[in-house]
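Reading through the structure tokens given below for one structure.
Reminder, nothing fancy here: chain letters follow the sequence lines and each chain counts from 1. If you're wondering where the values come from, they're calculated on a predicted model, not measured in any experiment. Below, all heavy atoms of this structure are taken into account, side chains as well, without hydrogens, waters or symmetry copies.
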Amino acid sequence: MAMDKTFNAAEAEPRLYAGWTKAGAFRAGANASREETFSIMIPPPNVTGALHMGHAFNNTLQDILTRWHRMRGFDTLWQPGTDHAGIATQMVVERELAKTNRRRTDFSREEFLDLVWQQKQKSRGNIRAQLERLGASCDWDREAFTMAGAPGDPEGTPGGQNFHDAVIRVFVDMYEKGLIYRGKRLVNWDPHFETAISDLEVENTEVDGHMWHFKYPLAGGETYEYVEKDEDGAVTLRETRDYISIATTRPETMLGDGAVAVHPSDERYAPIVGKLCEIPVGPKEHRRLIPIITDEYPDPDFGSGAVKITGAHDFNDYEVAKRGGIPMYRLMDTKGAMRDDGAPYAEAADIALAVARGDQTLSEVETDALNLVPDDLRGLDRFEARKRVVDQITAEGLAVMVADADSDAPAMIPFVESKKIMQPFGDRSKVVIEPMLTDQWFVDAEKIVGPAIDAVKDGTVAILPEQDKKVYFNWLDNIEPWCISRQLWWGHQIPVWYGPYEAKISGSTDLAWKSDGSGWQICRSTEADAVRAAEEAYGSEIVVVDDWMASLALKGSGKVGIWRDPDVLDTWFSSGLWPIGTLGWPEDTEALKKYFPTSVLVTGFDIIFFWVARMMMMQYAVVGQKPFDTVYVHALVRDEKGKKMSKSLGNVLDPLDLVDEFGADAVRFTLTSMAAMGRDLKLSTSRIQGYRNFGTKLWNAFRFAEMNGVFEGRAEAAAPPAAQHTVNRWIIGETARVREEVDTALAAFRFNDAANALYAFVWGRVCDWYLEFSKPLFASDNKEVTEETRATMAWVLDQCLILLHPIMPFITEELWGLSAKRAKMLVHADWPAYTPADLVDEAAEAEMRWVIAIIDSVRSVRGEMNVPAALQIDLLQLELDEAGQAAWEKNAGLIQRLARINSITPSAEAPKGAATITVPGGTYCLPLADIIDVGAEQARLAKSLEKLEKDLRGLRGRLGNPKFIESAPEDVVEETRELAAEKEAEETRLKTALARLAEVA
RNA sequence: GGGUGAUUAGCUCAGUGGUAGAGCGCUUCGUUCACAUCGAAGAUGUCGGGAGUUCGAAUCUCUCAUCACCCACCA
């Protein structure tokens, strides 16, 4: 068989992967030879499209761990699957529809969901194909999906897990335990997707904004003495005012103000606290009046010290309003436009006025029904409304005025500060998030966070690198209620049905009164259960209807209509159950018993809060156990300049393009070698190219071996041959060292150490030296030597394949198949356990070190003296100690060949014009009278000497310091002494050589 | 405002107390015998600045500077 010159990745990789799949090599438990299990749950990619470089990185690391454990005989499971990714996936489908000018609302919920399911199937296929290209050794028979088994799922549950039922079951359990509740709260509202989102899905970004200053006139034209004082209490300003000055970045929300708040200690406003002031916008005849109240929240030193309170559109104001019983008037609709519903403004304003005066109180529902947007602003987008409000107030002369700094003429202009403000944006929609008062479902996270914190504190669960623990704790220690309801269609629909309040319920019941007092809620796993519960409670026949309106129609019919909550659950609620859900929980499956808790979670730091923390909380809450032993948090992949890869920047490297160009192994090796903990990794193609070359190098080592009959009629051997020859004994020892390095590195998740150790070993020792050394051995007449060398090389190369396989699975499997008839595929080969203690021969190592040193020195002189590479030269041996002599005699042939030396002659002195070579224990010279430039040789030696002396100065300084001898560990002192002695000897040799040169010059 | 991390060769980065490293790039030389996706040789660093601890600091402490990221409600 003649091997090709290079590895054809494009041809071989799909073939090899198919071979593994066909053999069932990745199935859970395949190749298991011991009891211990090893399990990894893939962080499920979103079914939004394709995988990016971050996925390639993440999954390469998982695959390395998986393959490594599988080869070591662990009962191994790498569980694959995908995430339905609520908003993200719905967004993708809506974007597709938009291309043909259609919208989600053009479809029924069922029709639209069919489209999403199609998207899911398409994307799921892409993702699996991509992972296969990458070589991921997942157990595809168990492929899971976070919405598998949900209504409308065309694929059902091929992997055996009904994730949907598991999610619903958890919701019901947590509801019954009081860990989930419904309530009207101020939440982050995404006006584009028209849904609530959680705090984590909000990105706060600094943008250019404005702060407007307006006057809120006191009711009835009242006035007060406004006095400002400096720090010493001296009066700096005193004037009579008929208004209170307010600053705002969001003038349009003034329409919903319920009060103006000042700090209780603020003397400036003490005279007017408790009085009413006027919101300076809206029809003049229906100006709303609001009270001036005190609250700890306003900072007297910021702005005017007075804050308008808009409870329904600002998180701070919400808290103030709750404390002060201030009404919260919602101003916008679900799209973020000014409300256009309800009674005309004049009517609504009158009611609000009565409330402000204390003449009337409203229920939550009544308050929410009140639309206080003036008629001319109704239906406007919030930003358009802002402009109008500002214009109207300014036109009326109620803007605070300041001198125009840019104008020479004395002129007054409205006080509008340009400043950077933090604005919340939806992480998916990128539109400005609006705080909105809505009914939502929450997980009472505070109640379930305890075990998640304790487990990491006491080491039950390890987070690597350690620094990420802090991030984890910081968030969990300040946990907020988690809003889990989304006003979307794509997701797990909340298993709660509502019943009307008009119909009386009888007897004892566990139905809960809805938070807004408008009816009853029933939480059950299935509709049938919900109906049964409703029947019992209402004592009437129950009909399931679409919504509240439909239930009204049943009034007087003797039947009661209940309707299901239309909302779905936050995606992270279901992905939070990934570890148990993928193993078939709530069924008590074999897989669950065997593989849970899982061994390692490999994930990026960007989802520590979203996912890692939620899995911790939820696994403890649901099954009372940790989800995994170790969390390995890796860095983010960035482009060459360190920018985060994003489509909008156009700097995305598609892993498949790179795999096409360089092969999967090269991409994997690159990512692995850069996987140092806790840092971003910047990916460049030149690096990938370098590791592609590494694969070629390995390939050609096998070609060389093949040409030298290494694989002919070989018997596959796990143990190294009992070699006699130094070169063979040496490389066997080196192999044992690298095996240990690789295992140590992988056990500590130091992937880059493993990759670099293998790179240095395969290229720097096996190819650069061992293969070169083997050439004269293969040429030997001594059959014993050639046979031993063949056996050794076969074994060493096998070890290279085994050790490299987790990182470079394809090329190694291919070479494994090409280089022998094998009992097992490499993917299931036994991982070695030999140690340096077993296999390292110190004497052989010392000898080879000496051989390499002399070859290096001769080559170095040749290179620097510009000796033609092809020229065989003579070497004169001036002096050599016993060890050197022995090493020399045993390896003369190697040295002659690799250093291109013709002959070696002992000589008492160096001839005129010779270049000196110093090695440990000896001096040689190259008589190069015709070629050498004495000046250049002098310069070369002087430079070496200078460097040597610098080292020696340091060493002598240390050894001359009695404190060093006293305090430093003995072996360090001893090492230093030896080193100094060695360097001194070399110094002498160099000085002698220089003296010689001086004579001839 | 709080927190975390970074600063080492031209570039990208390893290196947690004991002789400063790798890959890429660069310079010179080399196509006979595995590999030009290669080989041989070479150049390049007061390890961000300053102070401290130590026999000894890239490494530990403090401080300053610059950069990055995360979290946070200043109207």
N or O in side chain of [X] less than 4.0 angstrom from [N] OP1/OP2:
| X | N | answer |
| --- | --- | --- |
| Lys775(A) | A34(B) | yes |
| Lys470(A) | C71(B) | no |
| Lys419(A) | A75(B) | yes |
| Thr6(A) | C35(B) | no |
| Lys5(A) | C38(B) | no |
| Trp763(A) | A34(B) | no |
| Asn693(A) | C38(B) | yes |

Write down the distance separating the [atom1] atoms in [N] and [M], rounded off to the nearest Å.
| N | M | atom1 | answer |
| --- | --- | --- | --- |
| A58(B) | G17(B) | P | 13 Å |
| U4(B) | C11(B) | C1' | 26 Å |
| U12(B) | G48(B) | P | 15 Å |
| U46(B) | U8(B) | C1' | 12 Å |
| G30(B) | A36(B) | C1' | 10 Å |
| C47(B) | A9(B) | C1' | 10 Å |
| G39(B) | C55(B) | P | 47 Å |
| A41(B) | C64(B) | C1' | 44 Å |

Earlier contact from the 5' end, RNA chain B, for Lys420(A) and Gln689(A):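 This one resolves to Gln689(A).
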
On RNA chain B, nearest-nucleotide positions of Met707(A) versus Val861(A): which is more 5'?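 Per heavy-atom nearest nucleotide, the more 5' residue is Met707(A).
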
Quick check: are there more than 12 heavy atoms from other residues, nucleotides or ligands sitting under 6.0 Å from CD of Glu203(A)?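 Yes.
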
Is it the case that more than 12 heavy atoms not belonging to Glu712(A) sit under 6.0 Å from its CD atom?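 Counting other residues, nucleotides and ligands, CD of Glu712(A) stays at 12 neighbours or fewer.
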
Distance in angstrom units between [X] [atom1] and [N] [atom2], rounded:
| X | N | atom1 | atom2 | result |
| --- | --- | --- | --- | --- |
| Phe669(A) | C13(B) | CZ | P | 19 Å |
| Arg250(A) | C74(B) | CZ | P | 14 Å |
| Glu974(A) | G18(B) | CD | P | 18 Å |
| Phe605(A) | C69(B) | CZ | C1' | 7 Å |
| Glu966(A) | G56(B) | CD | C1' | 14 Å |
| Tyr691(A) | U37(B) | OH | C1' | 15 Å |
| Lys943(A) | A43(B) | NZ | C1' | 7 Å |
| Leu815(A) | A34(B) | CG | P | 17 Å |

By the 4.0 Å heavy-atom rule, please label [X] as base, sugar-phosphate, or nothing.
| X | result |
| --- | --- |
| Asp856(A) | sugar-phosphate |
| Asn756(A) | nothing |
| Lys947(A) | nothing |
| Glu978(A) | nothing |
| Phe302(A) | base |
| Val471(A) | nothing |
| Gly305(A) | base |
| Arg692(A) | base |
| Tyr297(A) | base |
| Ile246(A) | nothing |
| Pro298(A) | base |

If pairing requires Watson-Crick or G-U wobble contacts with both distances under 3.5 Å, which nucleotide is the partner of [N]?
| N | result |
| --- | --- |
| G21(B) | C13(B) |
| G5(B) | C67(B) |
| U54(B) | none |
| U46(B) | none |
| G39(B) | C29(B) |

Which nucleotide in the set [options] lies at the smallest distance from any side-chain heavy atom of [X]?
| X | options | result |
| --- | --- | --- |
| Arg750(A) | C35(B), G15(B), A75(B) | G15(B) |
| Arg900(A) | U32(B), G18(B), A36(B) | U32(B) |
| Met211(A) | C71(B), A14(B), A75(B) | A75(B) |
| Phe964(A) | U19(B), G18(B), C38(B) | G18(B) |
| Thr696(A) | U19(B), U37(B), A72(B) | U37(B) |
| Tyr759(A) | G23(B), A41(B), A75(B) | G23(B) |
| Lys983(A) | A41(B), C55(B), U19(B) | U19(B) |
| Asn204(A) | G39(B), C35(B), C73(B) | C73(B) |
| Val972(A) | C55(B), C74(B), G18(B) | G18(B) |
| Ser860(A) | G42(B), A75(B), A34(B) | G42(B) |

Can you tell me whether the side chain of Asn316(A) and the base of C73(B) have a donor-acceptor pair closer than 3.5 Å?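 When only heavy-atom distances are counted, Asn316(A) does reach the base of C73(B) through a donor-acceptor pair under 3.5 Å.
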
Any side-chain donor paired with an acceptor under 3.5 Å for Lys308(A) and Thr253(A)?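 Their side chains do contain a donor-acceptor pair, which is all the 3.5 Å distance test asks for.
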
Fit a plane to each ring of Phe702(A) and Phe711(A), take the angle between them on a 0 to 90° scale, and name the class: parallel (under 30°), tilted (30 to 60°) or perpendicular (over 60°).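 Parallel.
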
Relative to the ring of Phe609(A), is the ring of Trp475(A) parallel (under 30°), tilted (30 to 60°) or perpendicular (over 60°)?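 Trp475(A) and Phe609(A): parallel rings.
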
Would you say the ring centers of Phe214(A) and Phe415(A) fall short of 6.0 Å from each other?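 No: the rings miss the under 6.0 Å criterion.
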
For the aromatic rings, using the six-membered ring if either is Trp, is the centroid distance between Phe662(A) and Tyr691(A) under 6.0 Å?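 So the answer is no for these two rings.
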
Hey, are Lys469(A) and Glu466(A) close enough for a salt bridge, meaning a charged N less than 4.0 Å from a carboxylate O?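 Looking at Lys469(A) and Glu466(A), the cut-off is met.
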
Could you report the tightest heavy-atom contact between Phe751(A) and Ala675(A), atom names first, then the distance?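 Closest heavy-atom pair between Phe751(A) and Ala675(A): CB-CB, 4.0 Å.
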
Is any side-chain heavy atom of Ile811(A) less than 4.5 Å from a side-chain heavy atom of Leu801(A)?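 They are not in contact (no side-chain heavy atoms under 4.5 Å apart), so the answer is no.
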
